[in-house]
K.L.:
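One structure follows; several queries about it will come next.
By convention in this document, chain letters (A, B, ...) are assigned in the order of the sequence lines, proteins followed by strands, and residues within each chain are numbered from 1. Everything quoted here is computed from the prediction, not taken from an experiment.
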Amino acid sequence: MSQQLSEQELVRRENLQKMIDLGIEPYPGTTYPVTHTAKEVHEGYTEGSEDYKEVCMAGRFMSRRIMGKASFAEIQDSTGRMQLYVSRDDITDGEDTTFYNQVFKKLIDLGDFIGIKGFAFMTKTGTLSIHVKELTILSKSLKPLPIVKTDADGKVYDGVTDPEFKYRQRYVDLTVNPEVRETFVQRSKMINAMRNFMTERMYLEVETPVLQPMYGGAAARPFKTHHNTLDVPFYLRIANELYLKRLIVGGYDGVFEFAKDFRNEGMSRFHNPEFTMMELYVAYKDYEWMMDFTEEMLEYVAMQVHGTTELQVGDNVISFKRPWKRYTMFGAIEHFTGIDCSEMDEAALRETAKSLDIHIDKGLGKGKIIDEIFGEKCEHQLIQPTFITEYPVEMSPLAKKHPTKPGIVERFEGICNAKEICNAFSELNDPIDQRQRFEDQLELGKRGDEEAMQLDEDYLRALEYGMPPTAGIGIGIDRLAMIMTNQKSIQDVLFFPQMKPEGKSKTVSEELGEKFSGKSNETDKENVS
RNA sequence: GGUCGGUUAGCUCAGCUGGUAGAGCAACGCCCUUUUAAGGCGUGGGUCCUGGGUUCGAACCCCAGACCGGCUACCA
């Protein structure tokens with residue numbers, strides 16, 4: 001592998017060598033005794049105070065302004081930046097000014113990690129700075145960082161905006177764009193808040209298989225792989241629902257999992273092939289209870305992340321204050337179109353859709369037509385968090401039927417900012433009904449529905465032993481994070497969103513693909529013949 | 001999958017009707033003891049995404065491809 005180095009990269013390698021020649025270890029291995037972060041000093045320091053007389057900080061060297069025998073510089077740690085005042089005579093040893101004139105002024109490059117010890121003070125112009133008494137090289141950087149500058153008005157110069165660059169080299173994006181770091185801090189706070197909320201209620205966080213011999217719990221196309229020793233196919237899970245409900249059968253009152261799920265489908269602003277879903281199942285509860293729970297949890301989450309329930313998301317202010325609006329699906333359609341279709345048969349629904357300019361495929365049944373009308377006419381108008389309840393049974397093979405309304409199940413979705421963020425129901429625990437629903441799915445599969453569910457005999461066996469009445473919910477963590485962090489694309493709330501392989505690695509992956517992919521049989525045949 | 005747009009220096013971007021490739025920051029050199037997005041003066045740095053074609057001549061026009069993005073479709 002040869003690599004062509006740019007002029008700037010060559011200069012940095014020369015600087016590295018010069019440091020080594022001067023006896024400076026560019027990659028020291030010892031612990032550096034950091035005592036403060038930039039944020040702590042900025043928040044804690046008051047002019048003239050005796051605090052912060054001895055601070056030790058570390059971070060990336062981000063700017064340098066040399067003024068003869070004195071200089072100003074900035075380092076950036078995980079919390080922000082701190083200005084440094086570096087005077088030649090403070091960091092050099094008497095006559096020998098090499099460390100200042102050579103090392104500090106020339107050999108340290110922007111992006112290097114350094115450590116400093118010194119004291120905090122206020123400059124003439126009123127900028128809090130650390131007067132450096134000792135400076136240590138902690139790690140040399142060999143590639144130039146794009147330097148982003150922000151002026152007093154907050155205007156950003158030379159920001160790294162190219163999405164490909166940001167996603168492929170997220171480490172650079174995180175280094176130079178502090179707001180990106182903050183987005184992921186907020187995502188982490190959000191998940192922690194949810195975990196705390198559920199753990200306080202004594203629900204148990206569990207782990208269930210990612211590799212599953214059959215996939216279930218959602219309607220989606222899976223990724224397929226192969227286990228060599230057992231010589232059987234495995235699927236990456238599209239959901240963990242059926243495993244969590246087995247645990248309810250086993251006697252836990254509440255179980256939840258933050259699960260990476262995998263769906264072999266299109267990619268978009270709202271879809272990544274792997275994504276995070278939090279699923280929770282609670283025994284002896286129903287979907288009404290789960291709505292109350294969801295409202296309460298997300299209000300708590302908003303408070304934990306932002307300290308308020310009113311969030312700016314795009315052009316809207318979204319309120320997570322309880323209670324949310326609730327519509328039945330028919331009620332929502334009536335509210336937004338003025339049409340009551342709760343009593344309509346399939347033909348009348350088809351006619352209604354046509355009158356609303358909605359194209360309906362011939363194969364669709366009653367439930368799907370209702371869902372189409374809702375999707376076209378209602379969903380995009382639901383900005384504030386809203387529950388939609390009472391879904392058609394055909395679309396919900398794992399949900400319990402409504403006790404009085406035929407064709408309806410006890411299910412709700414939470415819609416926010418015009419997108420589904422959660423999906424929940426009173427879980428179907430009647431094993432005979434469940435078997436029938438699976439068989440209906442198999443029928444759909446035979447008719448070509450690639451997303452029809454498989455019949456899971458072991459799950460049915462578990463239900464036959466008995467599952468208590470249970471409420472379950474799945475919350476799309478990435479979509480919720482988009483709302484909680486005010487991001488337009490799922491790629492902006494995933495550190496490493498899925499992308500096409502870079503460069504010419506295609507031939508390599510194709511070779512590997514022949515060995516490991518589910519398509520190996522076809523490929524082998526081709527090779528033989 | 002459809003469609004529109006993009007790809008030029010380490011980064012952000014200009015580049016007219018086809019006529020020797022540009023700026024700011026970053027880098028390098030010199031000057032300066034408290035600067036404020038970037039102090040002053042100077043210097044270097046390019047596979048103009050790739051491959052063909054048209055032309056005396058292509059960053060620019062044509063064809064094919066790669067990659068990226070917006071919208072759209074699919075995704076209960």
K.L.:
Check whether more than 12 heavy atoms from other residues, nucleotides or ligands sit under 6.0 Å from atom NZ of A:K446, and answer yes or no.
P.N.:
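No, because the 6.0 Å sphere around NZ of A:K446 holds 12 heavy atoms or fewer from other groups.
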
K.L.:
For A:R437, give me all partners under side-chain hydrogen bond (donor to acceptor under 3.5 Å, both in side chains), at least two apart in sequence or on another chain.
P.N.:
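If we apply the side-chain hydrogen bond (donor to acceptor under 3.5 Å, both in side chains) test to A:R437, skipping adjacent residues, the hits are A:D433.
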
K.L.:
Only Watson-Crick and G-U wobble pairs, only distances under 3.5 Å, only runs of 3 or more: what stems does that leave for RNA chain B?
P.N.:
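In RNA chain B, stems of three or more pairs: B:1-7 with B:66-72, B:10-13 with B:22-25, B:27-31 with B:39-43, B:49-53 with B:61-65.
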
K.L.:
Give, for atom OH of A:Y215 and atom CG of A:D456, the distance between the pair rounded to the nearest 0.5 Å.
P.N.:
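Answer for the OH-CG pair, A:Y215 versus A:D456, is 12.0 Å.
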
K.L.:
Is it true that a side-chain atom of A:R479 and a backbone atom of A:I421 form a donor plus acceptor pair closer than 3.5 Å?
P.N.:
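Absent.
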
K.L.:
For A:Y243, which residues count as a ring-ring contact (aromatic ring centres under 6.0 Å, His included) partner, sequence neighbours excluded?
P.N.:
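A:Y243 satisfies ring-ring contact (aromatic ring centres under 6.0 Å, His included) with no residue once adjacent residues are dropped.
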
K.L.:
Please state the C1' separation for the pair B:C68 and B:A76 - nearest whole angstrom.
P.N.:
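32 Å, rounded to whole Å.
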
K.L.:
With rounding to whole Å, what would you report as the distance between B:U3 and B:G44 at their P atoms?
P.N.:
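Result for the P pair: 48 Å, nearest Å.
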
K.L.:
List in chain and number order the residues that pass side-chain hydrogen bond (donor to acceptor under 3.5 Å, both in side chains) with A:T37, two or more places apart in sequence or in another chain; answer none if no residue qualifies.
P.N.:
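Counting only residues at least two positions away or on another chain, A:T37 forms no side-chain hydrogen bond (donor to acceptor under 3.5 Å, both in side chains).
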
K.L.:
Output the rounded distance in Å from CZ (A:F72) to C1' (B:U33).
P.N.:
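Distance, rounded to whole Å: 9 Å.
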
K.L.:
For the P atoms, the ones on B:G70 and on B:U43, what distance do you get once it is rounded to whole angstrom?
P.N.:
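That atom pair is separated by 42 Å.
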
K.L.:
Under a 3.5 Å distance rule, please check whether A:D109 uses its side chain to pair with a backbone N or O of A:P144 as donor and acceptor.
P.N.:
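The answer is no, because no donor-acceptor pair under 3.5 Å joins these two groups.
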
K.L.:
What pairs with A:F258 under ring-ring contact (aromatic ring centres under 6.0 Å, His included), at least two apart in sequence or on another chain?
P.N.:
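Result, ring-ring contact (aromatic ring centres under 6.0 Å, His included) vs A:F258: none returned.
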
K.L.:
Please measure how far the C1' atom in B:A37 lies from the corresponding atom in B:U12, and state the result in whole Å.
P.N.:
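It works out to 14 Å between them.
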
K.L.:
Side-chain donor or acceptor of A:T123 under 3.5 Å from a matching atom on the base of B:U35?
P.N.:
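By the distance-only test, yes, there is a pair.
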
K.L.:
Between C1' on B:C25 and CE on A:M62, what's the gap in Å once rounded to a whole number?
P.N.:
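My rounded result for the distance is 13 Å.
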
K.L.:
Distance between the C1' atoms of B:C41 and B:U17, in whole angstroms?
P.N.:
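Nearest-Å result for B:C41 against B:U17 at atom C1': 39 Å.
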
K.L.:
Can you tell me, in whole Å, how much space there is between the P of B:G39 and that of B:U34?
P.N.:
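So the two P atoms sit 14 Å from each other.
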
K.L.:
For nucleotides B:C63 and B:A21, find the distance between their C1' atoms and express it as a whole number of Å.
P.N.:
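Going atom to atom, C1' in each nucleotide, I get 26 Å.
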
K.L.:
Shorter than 3.5 Å, N or O on both sides, protein versus nucleotides 27-29 of chain B: list them out with atom names.
P.N.:
{"unit_1": "B:A27", "atom_1": "O4'", "unit_2": "A:Q8", "atom_2": "OE1", "d": "3.4"}

K.L.:
Within this structure, what is the CZ-to-C1' distance between A:F270 and B:G70, rounded to whole angstrom?
P.N.:
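Distance check: A:F270 CZ to B:G70 C1' gives 13 Å.
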
K.L.:
So, do A:Y235 and A:F223 have ring centers that fall under 6.0 Å from each other?
P.N.:
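No, the ring of A:Y235 stays outside the 6.0 Å limit from the ring of A:F223, centre to centre.
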
K.L.:
Taking all heavy atoms of A:T127 and all of A:S129, pick out the closest pair and write down the distance.
P.N.:
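For A:T127 versus A:S129, the nearest heavy atoms are O-OG, 3.1 Å.
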
K.L.:
Would you indicate, yes or no, if B:U36 has its OP1 or OP2 atom less than 4.0 angstrom from a side-chain nitrogen or oxygen of A:R65?
P.N.:
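Negative; the distance criterion is not met.
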
K.L.:
Who passes side-chain hydrogen bond (donor to acceptor under 3.5 Å, both in side chains) against A:T470, sequence neighbours left out?
P.N.:
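Once residues adjacent in sequence are excluded, A:T470 has no partner under the side-chain hydrogen bond (donor to acceptor under 3.5 Å, both in side chains) criterion.
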
K.L.:
Should the heavy atoms of other residues, nucleotides or ligands under 6.0 Å from CD of A:E182 be counted, would the total exceed 12?
P.N.:
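Atom CD in A:E182 is crowded, with more than 12 foreign heavy atoms closer than 6.0 Å.
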
K.L.:
Provide the distance between the two P atoms, one in B:A64 and one in B:C60, to the nearest whole Å.
P.N.:
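Result for the P pair: 16 Å, nearest Å.
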
K.L.:
A:Y287: what forms a ring-ring contact (aromatic ring centres under 6.0 Å, His included) with it, not counting sequence neighbours?
P.N.:
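Once residues adjacent in sequence are excluded, A:Y287 has no partner under the ring-ring contact (aromatic ring centres under 6.0 Å, His included) criterion.
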
K.L.:
Got a sec, which residues hit side-chain hydrogen bond (donor to acceptor under 3.5 Å, both in side chains) with A:R12, two or more places apart in sequence or on another chain?
P.N.:
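Applying side-chain hydrogen bond (donor to acceptor under 3.5 Å, both in side chains) to A:R12 gives A:S141.
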
K.L.:
Can you check nucleotides 2-6 of chain B for protein contacts, nitrogen or oxygen pairs under 3.5 Å, and list what you find?
P.N.:
none

K.L.:
What is the separation between atom CG on A:D162 and atom P on B:C13, rounded to the nearest whole Å?
P.N.:
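These atoms are roughly 8 Å apart.
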
K.L.:
With a 4.0 Å cutoff (strictly under), does any side-chain N or O of A:Q83 reach OP1 or OP2 of B:U34?
P.N.:
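Negative; the distance criterion is not met.
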
K.L.:
Got a sec, which pairs hit salt bridge (Lys or Arg N to Asp or Glu O under 4.0 Å) with one end in residues 407-420 of chain A, sequence neighbours left out?
P.N.:
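Sorted pair list: A:R411-A:E413.
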
K.L.:
Is there a donor and acceptor pair closer than 3.5 Å between the side chain of A:T127 and the base of B:U36?
P.N.:
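Per atom types, the contact qualifies.
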
K.L.:
Can you name the atoms? Protein N/O to nucleotides 72-76 of chain B N/O, anything below 3.5 Å, with the distance.
P.N.:
{"unit_1": "B:C75", "atom_1": "O3'", "unit_2": "A:E451", "atom_2": "OE1", "d": "3.1"}
{"unit_1": "B:C75", "atom_1": "O3'", "unit_2": "A:E451", "atom_2": "OE2", "d": "3.4"}
{"unit_1": "B:C75", "atom_1": "O2'", "unit_2": "A:E265", "atom_2": "OE1", "d": "2.5"}
{"unit_1": "B:C75", "atom_1": "O2'", "unit_2": "A:E265", "atom_2": "OE2", "d": "3.2"}
{"unit_1": "B:C75", "atom_1": "O2", "unit_2": "A:H271", "atom_2": "NE2", "d": "2.0"}
{"unit_1": "B:C75", "atom_1": "N3", "unit_2": "A:H271", "atom_2": "NE2", "d": "3.0"}
{"unit_1": "B:A76", "atom_1": "OP2", "unit_2": "A:A219", "atom_2": "O", "d": "2.7"}
{"unit_1": "B:A76", "atom_1": "O3'", "unit_2": "A:D371", "atom_2": "OD2", "d": "2.2"}
{"unit_1": "B:A76", "atom_1": "N7", "unit_2": "A:M395", "atom_2": "O", "d": "2.2"}
{"unit_1": "B:A76", "atom_1": "N1", "unit_2": "A:A219", "atom_2": "N", "d": "3.2"}

K.L.:
With nearest nucleotides of RNA chain B determined for A:Q491 and A:S87 from heavy-atom distances, which residue corresponds to the more 5′ nucleotide?
P.N.:
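Its nearest nucleotide lies further toward 5', so the answer is A:S87.
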
